[in-house]
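These numbers come from the heavy atoms of this one structure, side chains and all, not from hydrogens, waters or symmetry mates. Nothing fancy with the numbering, it's 1 onward along the sequence. Keep in mind the model is a prediction, meaning the values are calculated, not measured.
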Amino acid sequence: MIKVKTSEEIELLRENGILVSKTLAEVGKHIAPGVTTLELDKVAEEFIRDNGAEPGFLGYNGFPSTLCISVNDTVVHGFPSDYALREGDIVSVDCGTTYKGYNGDSAYTFAVGEISEADRKLLEVTKASLYKGIEAAVSGGRIGDIGYAVQSYCEANGYSVVRELVGHGLGRHLHESPEVPNFGRRGHGVKLLENMVICIEPMINQGKKDVYLDDNGWGVITCDHRKSAHFELTVAIKKGKADILSTFDFIENKNN
């Protein structure tokens, strides 16, 4: 069942969105060649707890960590480990919080040192496709409008869209209805109602769309082992323009 949120609930989700955004920025400060992904996970857990919240992913369906950290050809749900980041890697960091009974969820793909022009373009197009999806996330529209906006933009740029993984509603639970695919047809799917809260999260591959599940039962990896990027923001559906509840500003604006 899809639950439309009250204005009070949206503000609690915004508080979580800001905290998860600040956590990603804190993690981003530590991303550099030689740093292990497990070290990044510890940074995030400490930051979240210091701000009076709980890590939203830790223990979720048995997930063992605070962050999903997915490097290069891992699309999402990678485990933090002793892997030391290398110059030229790209690393998706997906983070969740639980605070005042509600959840936050956001993701950003970082460059490790200097990356190739091809990888930089993958990151730019994937992030831009997220905002294309957000532009379509308005009351009266359909879920398919969001997926179409993401898919058409990415495929026009020569990339492929992962089909097995989708965005989702957000509230008291980390994953709520509706599912929000990154592909679709305009005018199709669930109707977008004012004050629905959803996470839009394009997962875009340099090569083919096909993926497989890691032996650990969590990590999703590209079959051709080409790189993948992932960006995620939480939005509340409104008339004319979505209200974006999480932000990349803390990551991208050095003044923050």
Between [X] and [Y], is there a side-chain N and carboxylate O pair less than 4.0 Å apart?
X: Lys227; Y: Asp119; result: yes
X: Lys241; Y: Glu135; result: no
X: Glu252; Y: Lys127; result: yes
X: Lys209; Y: Glu155; result: no
X: Arg49; Y: Glu54; result: yes
X: Arg14; Y: Asp243; result: yes

Where the side chain of [X] meets the backbone of [Y], is there a donor-acceptor pair that is under 3.5 Å apart?
X: Asn205; Y: Ser160; answer: no
X: Asn103; Y: Gly171; answer: yes
X: Ser21; Y: Thr247; answer: yes
X: Asp145; Y: Gly187; answer: yes
X: Asn51; Y: Phe47; answer: yes
X: Ser106; Y: Ser246; answer: no

May I ask you to decide if the ring planes of Phe79 and Phe63 are parallel, tilted or perpendicular, using 30° and 60° as cut-offs? perpendicular
For the pair Val220 and Thr74, evaluate side-chain contact (heavy atoms from CB on, under 4.5 Å) and give the outcome as yes or no after the intermediate values. CA-CA 6 Å; Val220 177; Thr74 301; 5.9 Å; no
Does [atom1] belonging to [X] count more than 12 external heavy atoms closer than 6.0 Å?
X: Asp50; atom1: CG; result: yes
X: Arg142; atom1: CZ; result: yes
X: Glu9; atom1: CD; result: yes
X: Lys5; atom1: NZ; result: yes
X: Lys42; atom1: NZ; result: no
X: Arg86; atom1: CZ; result: no
X: Glu194; atom1: CD; result: yes

Which atom names give the shortest non-hydrogen contact between [X] and [Y], and what distance separates them?
X: Asp94; Y: Phe57; answer: O-CE1, 3.2 Å
X: Ser81; Y: Thr37; answer: N-OG1, 2.8 Å
X: Thr66; Y: Asp41; answer: N-OD1, 3.1 Å
X: Ser70; Y: Gly78; answer: OG-N, 3.1 Å
X: Trp218; Y: Gly62; answer: CZ2-C, 4.2 Å
X: Gly96; Y: Ile48; answer: O-CD1, 3.9 Å

Testing [options] one by one against [X] for a side-chain contact (heavy atoms from CB on, under 4.5 Å), which residue passes?
X: Cys154; options: Asn182, Val125, Leu122; result: Val125
X: Val93; options: Ile251, Leu24, Thr23; result: Leu24
X: His168; options: His175, His173, Glu176; result: His175

If you define the side chain from C-beta out and look only at heavy atoms, does anything of [X] sit under 4.5 Å from [Y]?
X: Pro178; Y: Met196; answer: yes
X: Leu174; Y: Asp105; answer: yes
X: Leu13; Y: Leu170; answer: yes
X: Glu39; Y: Ile31; answer: no
X: Cys199; Y: Thr234; answer: yes
X: Leu193; Y: Ile237; answer: no
X: Val211; Y: Ile221; answer: no
X: Arg163; Y: Val161; answer: yes

Go through Gln206 and Tyr159 one step at a time and tell me if the side-chain contact (heavy atoms from CB on, under 4.5 Å) criterion holds. CA-CA 5 Å; Gln206 271 179 338; Tyr159 301 111; 4.2 Å; yes
Do [X] and [Y] belong to the same hydrophobic cluster, where Ile, Leu, Val, Met, Phe, Trp and Tyr are linked whenever their side-chain heavy atoms lie under 4.5 Å apart, directly or via other members?
X: Tyr148; Y: Val235; value: no
X: Phe248; Y: Leu67; value: yes
X: Leu85; Y: Leu123; value: yes
X: Ile69; Y: Tyr108; value: yes
X: Val20; Y: Tyr102; value: no

Gap separating the [atom1] atom of [X] from the [atom2] atom of [Y], nearest 0.5 angstrom:
X: Glu114; Y: Ser116; atom1: CD; atom2: OG; value: 10.5 Å
X: Thr97; Y: Lys22; atom1: OG1; atom2: NZ; value: 12.0 Å
X: Glu179; Y: Leu165; atom1: CD; atom2: CG; value: 10.0 Å
X: Thr6; Y: Glu8; atom1: OG1; atom2: CD; value: 4.5 Å
X: Thr98; Y: Tyr60; atom1: OG1; atom2: OH; value: 10.5 Å
X: Lys239; Y: Asn195; atom1: NZ; atom2: CG; value: 10.0 Å

One pair to check against side-chain contact (heavy atoms from CB on, under 4.5 Å): Lys29 and Glu26. What are the steps and the verdict? CA-CA 5 Å; Lys29 293 175 189 174; Glu26 186 66 23; 3.2 Å; yes
Between [X] and [Y], do the side chains contain an N or O donor and an N or O acceptor separated by less than 3.5 Å?
X: Asp89; Y: Asn72; result: yes
X: Thr222; Y: Asp73; result: no
X: Thr36; Y: Asp82; result: no
X: Glu201; Y: His230; result: yes

For the pair Leu130 and Val150, evaluate side-chain contact (heavy atoms from CB on, under 4.5 Å) and give the outcome as yes or no after the intermediate values. CA-CA 7 Å; Leu130 168 58; Val150 172; over 6 Å; no
